[in-house]
Structures are given as C-alpha cells and as structure tokens.
There are 2 protein chains.
Amino acid sequence: MPRQATVPPGASPDPLDRLFHALADRTRRKLLAQLALRPAKVTDLARPFRMSLPAVSKHLRILEEAGLISRTVDGRVHRMTLTGEPLRQVEIWLDPFRSYWEETLTSLGTDLAKHPRRGRLKAR
Amino acid sequence: MPRQATVPPGASPDPLDRLFHALADRTRRKLLAQLALRPAKVTDLARPFRMSLPAVSKHLRILEEAGLISRTVDGRVHRMTLTGEPLRQVEIWLDPFRSYWEETLTSLGTDLAKHPRRGRLKAR
DNA sequence: GGAATATTAAACTAAATGGTTAAGTATGTT
DNA sequence: AACATACTTAACCATTTAGTTTAATATTCC
C-alpha cells in the first residue's frame with residue numbers, strides 16, 4: 001500500500017506557535033532577558049554563550065521572526081531591540097486561564113491571588 | 001580531524017523549555033482550552049480533531065509531562081484535568097517583562113496599560 | 001588597496017517532532 | 001468465553017531543530 005504523506009507540507013505558520021516555540025529555548029529566553037535591559041549588538045549578545053556565533057545568530061532570527069525583537073542595521077553592526085507586543089500576546093492568550101489558576105490557588109487556601117510578586121529581571 | 005559531537009546527548013530537561021514547548025502547538029493549546037471548561041476523557045478530547053487517537057494521546061502526554069494536565073485512570077477511562085500551576089509559572093516568567101511592554105505601549109500614547117481586556121475562553 | 005571586524009549564508013549532522021498504522025493491554029458487556 | 005471499548009506502545013517516516021564548520025558579504029580602519 002502506498003504510504004501516505006504524513007504531514008501536510010505547508011505546515012503551521014501559526015503566530016502563537018512561532019511565539020511559544022521561540023520562547024521554548026533557554027538560550028533564547030536568556031537573549032530576551034538581556035535585551036530587556038538594553039538593546040545590544042549580536043557579538044555582545046553572543047559573548048556569554050558557549051556556542052558559536054552563527055548559532056546565536058540563528059536564535060536571534062527565530063526571535064525576530066516571532067516578532068519578539070527587531071533589528072536595525074547600522075553599518076556592519078546589527079543592533080537588536082526587544083519588542084514588547086508579542087509578549088503581550090502571550091499574556092492575552094494566558095488571560096482566560098488566569099481566573100482558573102487563581103481560583104485553584106485560593107481554593108487551596110494559598111492567597112497569592114492578588115499577585116504581590118514582581119521581581120527583578122534575571123536571565124534564565 | 002574527528003568530527004565532534006554536535007549536541008550534548010542529555011540535553012535540556014529545563015521545565016520552562018518543556019512548558020513553552022508544550023504550548024507551542026495549536027492542537028495542544030486547543031486541548032488545554034477544552035480542559036479549562038471541564039475535565040474530559042481522551043476519546044472526547046480527541047473527537048474534534050482530524051488526527052488519529054494515538055496522535056492526540058501523544059499530545060496529552062506532552063501536556064502531562066509539562067505538568068499542565070493530570071490524569072486519573074478510572075477503569076479503562078483516563079480522565080484528564082487542567083493543572084493551573086504551570087501557567088502561573090509562565091505568568092511569573094512573563095512578569096519582569098510586563099512593565100517593559102506596558103511602558104512601550106503607553107509611550108506610544110496607546111493607553112491600554114490598565115488591561116481592560118479579559119474575554120471568554122475560546123479554543124485557538 | 002588590503003586587513004580586520006561584524007555578521008549572515010551554506011552545507012552538514014544527530015536528535016527531536018508530529019504524524020501515521022498496527023499491535024498490545026486492560027476493562028467492561030453480553 | 002468472546003467481543004467491544006478505551007486506551008497506550010511500538011515501529012516507522014518526513015521534516016524541523018539546534019548545533020557545527022567553512023565560506024561569503026559588507027563595512028571600517030590603516
């Protein structure tokens with residue numbers, strides 16, 4: 001029997017897929033945390049990592065395509081800047097669930113429902 | 001020269017990696033949205049999808065391993081339930097960035113900073 | 001013009017993803 | 001006992017991922 005095509009070739013360019021996928025990597029989250037402090041050029045962003053420059057370059061592209069960062073090329077330097085909007089999209093996606101887990105927590109007697117957290121940004 | 005191992009074999013079991021990765025799939029997000037309404041058994045969850053039962057079963061396992069759902073086996077029926085906590089972890093990760101994009105938005109004159117949204121949960 | 005610098009592009013690779021079908025494993029039902 | 005139901009497991013497959021190294025492309029500096 002002629003084995004059937006397993007996956008439709010033009011698969012999901014779903015923006016939330018791309019967004020969450022971009023966030024599903026430690027390196028990329030660290031890059032975002034760094035960029036939250038200030039814009040930076042590629043070399044500076046790459047320095048802390050034990051991986052090649054092209055590897056970081058690729059990660060940056062994934063973040064860029066997810067809309068999480070933008071790039072301004074100035075001569076040979078590419079300056080990357082965090083873009084808030086997509087994270088807001090995450091927040092918006094998350095929002096309908098919020099009441100759910102706040103309920104869950106309060107029903108457990110743990111009254112963190114009025115979110116008193118809000119710490120300093122730390123690379124993870 | 002002996003080509004070097006490309007990727008460390010015991011790669012990232014980072015919980016946030018697993019969490020965001022679990023969310024980076026439309027099908028899985030739909031499953032979560034469904035489970036936010038009420039717990040459900042596997043067959044019922046699978047019904048709306050145009051994919052095989054084992055495929056859905058795998059998605060559920062990924063959600064389960066990310067901690068997003070839990071399973072109670074009752075006879076041959078597996079009842080899945082949404083677990084709020086990991087979504088709270090997303091929120092916590094997101095939090096340090098919040099001021100950033102709220103700032104960005106207000107500085108653009110778009111005063112949505114006091115988040116007046118909060119819609120009904122809708123499968124996406 | 002030529003060398004150094006900043007960065008991407010190309011070609012390769014091992015492993016993971018997301019799907020498939022077919023086979024197993026319990027548990028109910030008759 | 002036999003059959004149906006509700007699943008998971010196994011084996012397979014194409015595509016994508018995340019890294020590598022080497023090469024190419026601009027730009028700046030001397």
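So you know, we letter chains A, B, ... as the sequences are listed, proteins then strands, and number each from 1.
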Visitor: Output the distance between atom CZ (B:Arg29) and atom CG (A:Leu16), rounded to the nearest 0.5 Å.
Guide: 4.5 Å

Visitor: Respond yes when some side-chain nitrogen or oxygen of A:His78 is under 4.0 Å from OP1 or OP2 of C:dT8, and no when none is.
Guide: yes

Visitor: Side chains of B:Ile69 and B:Arg71: closer than 4.5 Å at any heavy-atom pair?
Guide: no

Visitor: May I ask you to test the A:Lys30-A:Arg26 pair for a side-chain heavy-atom distance under 4.5 Å?
Guide: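 Yes - at least one pair of side-chain heavy atoms lies under 4.5 Å apart.
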
Visitor: Starting at atom NE2 of B:His21, determine the distance to atom P of D:dA18, rounded to an integer number of angstrom.
Guide: 9 Å

Visitor: How about A:His21 and A:Arg28: do any of their side-chain heavy atoms sit closer than 4.5 Å?
Guide: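 In short, these two side chains touch, coming nearer than 4.5 Å.
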
Visitor: Rounded to whole Å, please give me the gap between CG in A:Leu53 and C1' in C:dA6.
Guide: 8 Å

Visitor: What is the distance, to the nearest angstrom, from the NZ atom on A:Lys41 to the P atom on C:dT5?
Guide: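 Going from NZ in A:Lys41 over to P in C:dT5 covers 11 Å.
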
Visitor: For the pair made of CG in A:Asp25 and C1' in C:dT17, what is the distance, rounded to whole Å?
Guide: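 Answer to the nearest Å: 15 Å.
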
Visitor: Is the phosphate of C:dG19 approached by B:Arg50 (side-chain N or O, under 4.0 Å from OP1 or OP2)?
Guide: no

Visitor: Measure CG/B:Asp14 against P/D:dA18 and give the value in whole Å, please.
Guide: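 So the CG-P distance, B:Asp14 to D:dA18, works out to 13 Å.
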
Visitor: Where do B:Phe97 and A:Leu82 land on the side chain to side chain contact (heavy atoms under 4.5 Å, CB included) test, with the steps shown first?
Guide: CA-CA 10 Å; B:Phe97 292 93; A:Leu82 185 72; 4.0 Å; yes

Visitor: Starting at atom CE of A:Met51, determine the distance to atom P of D:dT17, rounded to an integer number of angstrom.
Guide: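 Distance check: A:Met51 CE to D:dT17 P gives 16 Å.
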
Visitor: Tell me every residue that passes side-chain hydrogen bond (donor to acceptor under 3.5 Å, both in side chains) with A:Arg47, counting only those two or more places apart in sequence or in another chain.
Guide: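 Scan of A:Arg47 (side-chain hydrogen bond (donor to acceptor under 3.5 Å, both in side chains), adjacent residues dropped) gives A:Asp44.
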
Visitor: Let's see if you get this right: which residues in residues 59-72 of chain B place a heavy atom under 4.0 Å from DNA chain C?
Guide: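 Of all residues in residues 59-72 of chain B, the ones placing a heavy atom under 4.0 Å from DNA chain C are B:His59, B:Ile62.
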
Visitor: I need the CG-C1' distance between A:Leu31 and D:dA18, as an integer number of Å.
Guide: 13 Å

Visitor: Any side-chain heavy-atom pair from B:Leu23 and A:Trp93 closer than 4.5 angstrom?
Guide: yes

Visitor: Does D:dT20 have OP1 or OP2 under 4.0 Å away from a side-chain N or O of A:Ser52?
Guide: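 So the side chain of A:Ser52 is within the cut-off, an N or O lying under 4.0 Å from OP1 or OP2 of D:dT20.
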
Visitor: Detail all sub-3.5 Å separations between protein N/O atoms and N/O atoms belonging to nucleotides 27-29 of chain D.
Guide:
{"residue": "D:dT27", "atom": "O2", "partner": "A:Arg76", "partner atom": "NH1", "Å": "3.3"}

Visitor: Any side-chain to backbone donor/acceptor pair from A:Asp14 onto B:Asp25? Under 3.5 Å, distance only.
Guide: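 The answer is no, because no donor-acceptor pair under 3.5 Å joins these two groups.
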
Visitor: Check every strand shown and say whether A:Lys58 touches a base, only sugar-phosphate, or nothing at a heavy-atom separation below 4.0 Å.
Guide: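 The answer is base, as A:Lys58 lies within the cut-off (heavy atoms under 4.0 Å) of a base atom.
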
Visitor: What nucleic acid atoms does A:Arg79 come within less than 4.0 Å of, heavy atoms only: base, sugar-phosphate, or nothing?
Guide: nothing

Visitor: By nearest nucleotide on DNA chain D, pick out whichever of B:Val77 and A:Pro54 is the more 5' one.
Guide: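 Closest to the 5' end, via its nearest nucleotide, is B:Val77.
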
Visitor: Between atom OG1 of A:Thr83 and atom CG of A:Leu32, what is the distance when rounded to the nearest 0.5 Å?
Guide: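 The CG atom of A:Leu32 is 9.5 Å from OG1 of A:Thr83, to the nearest 0.5 Å.
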
Visitor: Find the distance B:Phe20:CZ to C:dT17:P and express it as a whole number of Å.
Guide: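 After rounding, the gap between these two atoms is 16 Å.
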
